[in-house]
Amino acid sequence: MKSLVILISTLIIIAMSTLNAQTVDTYYFSKIVNLPFEEASDKVKASLAEQQFGIVTEVDMHEKFIEKGIDANAKPYRLLGACNPKLAYETVNAEENIGLFLPCKVIVKYIDENTTEIVMIDPSKVMSMLGNEALNKPAEIVTKHFKEALENL
């Protein structure tokens, strides 16, 4: 029995080590743009607005890091919370605790002075993990619009 527990634990550790979020593109999609950080941030907001998404939260994580003395050399890293109220309402009606995942996250990451990466959550992947089929359709719609917004950058 003890060796079975060790075997299962080892297999879990091996499986988890293969799920590196930086290399496995499973729950997000991204695009690198040849734009300075602030310009890229403005463009992604405009592109999301064209897809009927407003930005309801905006947090400059790099400033928070610096404020807390964590890293004085923090590179710009902005979290945007994108929301389409109609689709958000549908998801809340389908799963009342879905607010833990709302608004949908978009990251604007500084690469260098003329290069920025835009990273968007893939709602279809995340919602499918919850096992509530009523979330699939709104998640697919958000995913489609997010991909279009990213392509339009």
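For the numbers below, each heavy atom of this structure counts, side chains included, while hydrogens, waters and symmetry mates do not. Predicted, not measured: the structure shown is a model, and the values here were computed from it.
- Listed by first and then second residue, the salt bridge (charged side-chain N to carboxylate O under 4.0 Å, His left out) pairs that reach into residues 80-92 are Lys86-Glu90, sequence neighbours excluded.
- Contact detail for Thr116 and Pro36: the closest heavy-atom pair is OG1-C, 3.5 Å.
- Side-chain atoms of Tyr110 come within 3.5 Å of backbone N or O of Glu113 as a donor-acceptor pair.
- In this structure, Val126 is a member of the same hydrophobic cluster as Val92, with clusters built from ILVMFWY side-chain heavy atoms closer than 4.5 Å.
- Remark: the backbone N or O of Leu87 is paired with a side-chain donor or acceptor of Asn84 at under 3.5 angstrom.
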- Query: side chain to side chain contact (heavy atoms under 4.5 Å, CB included) between Thr91 and Leu102: does it pass, once the steps are laid out?
  - Reply: CA-CA 9 Å; Thr91 61; Leu102 299 177; 3.9 Å; yes

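- Screening residues 36-50 for side chain to side chain donor-acceptor pair (under 3.5 Å) gives Glu38-Arg78, Ser41-Arg78, Lys45-Glu58 as the qualifying pairs, with residues at least two apart or on separate chains.
- Taking hydrophobic clusters as Ile, Leu, Val, Met, Phe, Trp and Tyr residues chained together by side-chain heavy-atom distances below 4.5 Å, Tyr27 shares a cluster with Leu150.
- Ile111 and Tyr28 sit in two unconnected hydrophobic clusters of ILVMFWY residues. Membership requires side-chain heavy atoms under 4.5 Å apart, directly or through other members.
- The list of side chain to side chain donor-acceptor pair (under 3.5 Å) pairs with a residue in residues 126-141, not counting sequence neighbours, reads Glu95-Asn132.
- Evaluation of the salt bridge (charged side-chain N to carboxylate O under 4.0 Å, His left out) test over residues 143-153, restricted to residues two or more places apart or in two chains, returns Lys144-Glu148.
- Annotation: Glu67, atom CD; neighbour count of heavy atoms from other residues, nucleotides and ligands within 6.0 Å is above 12.
- Legend: residues meeting side-chain hydrogen bond (donor to acceptor under 3.5 Å, both in side chains) with Asp122, ordered by chain and number and at least two apart, are Thr143.
- Checked against the 6.0 Å centroid criterion, the rings of Tyr77 and Phe65 do not qualify as a close aromatic pair.
- Nearest heavy atoms, Cys104 versus Pro123: SG-CG, 4.4 Å.
- Linking ILVMFWY residues whenever their side-chain heavy atoms come closer than 4.5 Å, directly or via other members, places Ile70 and Val59 in the same cluster.
- For the atom pair CD1 of Ile118 and CZ of Phe29, the computed distance is 12.5 Å after rounding to the nearest 0.5 Å.
- Considering NZ of Lys109 and CD of Glu117, their distance stands at 4.0 Å, rounded to 0.5 Å.
- In this structure, CD1 in Ile121 is found 6.5 Å from CE in Met127, a value given to the nearest 0.5 Å.
- Although no hydrogens or angles enter the test, the distance criterion places no donor-acceptor pair under 3.5 Å between the side chain of Thr57 and the main chain of Leu80.
- Note that NZ of Lys64 and CG of Leu79 are 11.0 Å apart. Values are rounded to the nearest 0.5 Å.
- The distance from the CG atom of Leu135 to the CD1 atom of Ile98 is 5.0 Å, given to the nearest 0.5 Å.
- Residues Gln51 and Phe146 are not in side-chain contact: their nearest non-hydrogen atoms beyond the backbone lie 4.5 Å or more apart.
- Atoms SG and CG, on Cys83 and Leu48 in that order, are 11.5 Å from each other to the nearest 0.5 Å.
- Applying the salt bridge (charged side-chain N to carboxylate O under 4.0 Å, His left out) test to residues at least two apart or on different chains, none of the pairs has a partner in residues 97-106.
- The shortest distance between side-chain heavy atoms of Val106 and Phe53 does not fall below 4.5 Å.
- Here the closest non-hydrogen pair linking Ala139 and Ser124 is O-OG, 3.4 Å.
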